[in-house]
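Read through the structure below, which is laid out as structure tokens, and then see the notes.
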Amino acid sequence: MAAAAANLFSYTSSSSALQCPRSGRTSLLSTSSFWKSGIIAPAAGCSIRCFSTSSSNGRPKGRETEDLAVKEVEQILEEKRRSDLAARIASGEFTVQKSGFVSMLGTGLSKIGPAGKLLGELLVKLADIVEDGERMAIPQAKGSFKAVGGQAFFIPLYELYLTYGGIFRLTFGPKSFLIVSDPGIAKHILKDNCKAYSKGILAEILDFVMGKGLIPADGEIWRVRRRAIVPALHKKYVAAMINLFGRASFRLCEKLDRASSDGEDVEMESLFSRLTLDIIGKAVFNYDFDSLSLDNGIVEAVYIVLREAEQRSTSPIPTWEIPIWKDLSPRQQKVTKALKLINDTLDDLIAICKRMVDEEKLQFHEEYMNEKDPSILHFLLASGDDVSSKQLRDDLMTMLIAGHETSAAVLTWTFYLLSKEPKVVAKLQEEVDSVLGDRFPTIEDMTKLKYTTRVINESLRLYPQPPVLIRRSIEADQLGKYPIKRGEDIFISVWNIHRSPVHWVDAESFNPERWPIDGPNPNEVNQNFSYLPFGGGPRKCVGDMFATFETVVATAMLVRRFNFEMAPGAPSVEMTTGATIHTTEGLKMTVTRRFRPPVIPSLEKKVIKINGDQPLDSCLEGDHKDEMISA
Ligand code: HEM
């Protein structure tokens with residue numbers, strides 16, 4: 001969500017094939033080469049199109065030769081882009097110019113007699129002192145961003161990072177931000193001296209939707225709410241959620257099955273958004289949005305509010321704060337109506353849940369969970385959480401948004417990355433076939449789906465959601481060797497840290513193998529803050545395990561059953577930022593059912609238990625039982 005506030009520019013990248021009209025040769029270009037080149041197809045004299053092929057892995061024959069060619073093209077484009085940008089940076093386009101006047105005057109004076117010499121020497125010394133002071137000042141990048149306009153905010157920041165280093169000041173107009181891309185400084189802000197920082201502009205932008213919910217809250221409110229909410233995501237709860245992830249992913253599989261039989265291409269980004277909305281609604285307040293099947297008012301209301309949060313983050317003038325405008329603008333009226341519907345629904349759910357808690361005889365304890373309603377809301381009410389209904393609504397809304405957009409974006413970019421790497425897909429399918437066979441995943445499988453987890457780890461490295469974390473200094477501090485004042489707005493660019501050539505070998509390539517399969521799960525602690533997909537320090541994501549399992553389960557269940565490839569004629573995949581990194585026109589894919597060797601039938605009925613409590617097939621409605629024998 002933090003990225004919403006950082007989204008000052010829009011941005012494009014592409015993932016389709018380039019076909020050169022002259023040679024007729026086609027190459028598949030990755031996102032990075034498109035967005036980084038800035039000379040995309042037209043400049044190269046080529047047109048953009050997508051492959052239309054099929055094979056067991058959704059890849060054409062001779063693809064390996066083509067992949068090599070692709071890599072060459074990517075490298076050439078990358079080099080050109082880098083040299084263009086280096087030339088612009090060297091020309092001083094982004095650099096604050098300093099006058100060497102004092103120093104020049106001093107040197108001039110020293111040439112005109114003894115008195116002039118003395119004065120000149122004094123002035124040169126003075127210039128040296130000033131320069132020393134400047135050396136202690138944070139490097140500044142300033143200038144026209146027209147040149148990089150049309151891109152998402154975090155992309156030009158990467159180039160500036162390569163020039164100015166791990167911390168620099170970026171000024172445009174009256175605004176000034178500190179951009180941090182150094183893991184050590186990120187650690188200092190997020191963990192070691194976190195009490196000196198607040199959520200700053202993020203809290204201001206999100207106030208209308210999250211109020212004092214856990215993400216924007218600071219100080220005592222945050223401390224109290226975090227202490228109440230974290231225990232709700234205990235182990236037994238997460239284990240029960242695996243079942244929910246499996247059932248929701250199964251519904252998506254059914255939808256894809258129909259599309260595949262009808263020969264229809266599918267837009268996966270919106271489907272992932274619906275999948276994760278259905279999951280988070282049940283997980284947080286036991287509400288079935290059923291958005292994979294329906295387009296009802298509440299689903300629409302959630303999207304209106306989400307898009308508004310994104311719009312506010314990109315708007316230069318806060319029109320929503322102008323008193324009359326606020327009431328007259330049709331957009332704002334729609335937002336107010338949507339917020340009312342969501343708040344009323346949440347109030348109803350809270351009331352229903354309160355009645356359930358009053359009637360139940362369960363004793364509250366550390367791993368308390370109501371089997372019929374394992375939601376976080378139920379846990380909070382049963383724990384006797386003494387909180388106003390407005391605060392409770394803010395917390396629920398925060399978790400709904402935090403857990404919905406992020407996971408959907410992770411799945412979208414994972415499938416985009418996989419569409420370019422058949423070898424990774426083959427390895428993934430092999431693991432999923434051997435670990436899961438035809439059954440639903442369980443909590444025990446989470447430690448066995450090692451390669452699937454590495455794929456998610458690596459996707460989160462290349463596409464961190466959100467790509468930028470926002471803070472404001474609430475007291476003076478020292479960042480690296482630079483002193484900073486109170487009131488500095490700071491963007492920690494996770495994007496830069498995760499793609500830094502200093503910290504990563506072949507930083508831009510998608511390589512799940514970079515994470516040892518039997519090694520520990522990578523996190524900010526064992527990677528010393530050069531990898532922080534869930535943030536770090538006391539404000540680290542409360543849903544990290546939930547989200548990792550959710551995306552592992554969905555990925556495993558989808559690749560087990562289908563092959564995915566970019567749809568022929570699909571719009572190129574381009575990036576834009578909202579709360580997280582979105583595509584501009586969706587991820588249009590062709591989905592085909594996998595053919596696998598027949599499963600040897602077993603006479604034994606499979607019954608999967610969750611923590612020994614409840615057989616999984618008892619949770620399946622209707623067709624879902626088929627999943628037990630047919631993946
Ligand atoms: C792949 C999915 C997810 C990603 C990548 C992600 C990422 C993050 C990050 C980077 C932060 C730190 C923000 C900062 O320091 O400014 C964060 C905070 C948070 N996340 Fe997540 N998140 C995900 C899923 C979830 C889920 C499923 C939930 C809820 C069940 C959730 C709830 C929260 C909350 C409440 C916070 C605020 C914590 C605090 O400030 O104390 N997230 N998340």
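In this text, all values refer to a predicted model and were calculated from it rather than measured experimentally. Order of listing sets the numbers, starting from 1, for every ligand and every atom in it.
Taking a 6.0 Å sphere around CD of Glu300, one finds it holds 12 or fewer heavy atoms contributed by other residues, nucleotides or ligands.
Atoms of ligand 1 found under 4.0 Å from any heavy atom of Gly535, numbered from 1 in the order shown, are 10 (C). Within ligand 1, the atoms closer than 4.0 Å to a non-hydrogen atom of Arg471 are 14 (C), 15 (O), 16 (O), numbered from 1 in the order shown. Atoms of ligand 1 lying under 4.0 Å from at least one heavy atom of Ala402, given by number and element, are 24 (C), 25 (C), 31 (C), 32 (C), 33 (C), 42 (N). Listed by atom number, the atoms of ligand 1 under 4.0 Å from Pro533 heavy atoms are 5 (C), 7 (C), 10 (C). Those atoms of ligand 1 with a heavy atom of Phe546 less than 4.0 angstrom away are 27 (C). Atoms of ligand 1 lying under 4.0 Å from any heavy atom of Val410, numbered from 1 in the order shown and given with element: 1 (C). Within the listing of ligand 1, atoms 39 (C), 40 (O), 41 (O) sit less than 4.0 angstrom from a heavy atom of Trp222.
Every heavy atom of Arg225 sits 4.0 Å or more from the atoms of ligand 1. In this structure, Thr551 does not count as a contact residue of ligand 1, since none of its heavy atoms falls inside 4.0 Å of the ligand. Judged by the shortest distance from any of its heavy atoms, Glu550 lies outside the 4.0 Å radius around the atoms of ligand 1.
Considering Gly536, Cys541, Pro538 only, the shortest heavy-atom separation from atom 8 (C) of ligand 1 involves Cys541. Distances from atom 7 (C) of ligand 1 to the heavy atoms of Gln465, Arg223, Met210, Met399 show the closest one on Gln465.
Screening residues 196-207 for side chain to side chain donor-acceptor pair (under 3.5 Å) gives Tyr197-Asp477, Glu204-Arg472 as the qualifying pairs, with residues at least two apart or on separate chains.
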Do any side-chain atoms of residues 525-533 form donor-acceptor pairs under 3.5 angstrom with protein atoms, and if so which ones, sequence neighbours left out?
from	atom 1	to	atom 2	distance (Å)
Asn526	OD1	Asn523	N	2.9
Asn526	ND2	Asn521	O	3.0
Ser530	OG	Gln527	O	2.8
Tyr531	OH	Asn457	O	2.7

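An N or O contact shorter than 3.5 Å links Arg226 to ligand 1 by distance. Not one N or O of Lys540 is nearer than 3.5 Å to an N or O of ligand 1, by distance alone.
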*For Asn511 and Asp506, run side chain to side chain contact (heavy atoms under 4.5 Å, CB included): C-alpha distance rounded to whole Å, both residues' side-chain angles, the deciding distance at 0.1 Å, then the answer.*
CA-CA 9 Å; Asn511 177 20; Asp506 210 1; over 6 Å; no
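Taking a cutoff of 4.0 Å between a charged side-chain nitrogen and a carboxylate oxygen, Glu513 and Arg454 do not qualify as a salt bridge.
A donor and an acceptor atom, one from each side chain of Asn496 and Ser181, are located under 3.5 Å apart. Inspection of the Ser459 and Thr414 side chains reveals an N or O donor paired with an N or O acceptor under 3.5 Å.
No side-chain donor-acceptor contact under 3.5 Å links Arg486 to the backbone of Ala196.
Rounding to the nearest 0.5 angstrom, the gap separating the CZ atom in Arg169 from the CD1 atom in Ile179 is 10.0 Å.
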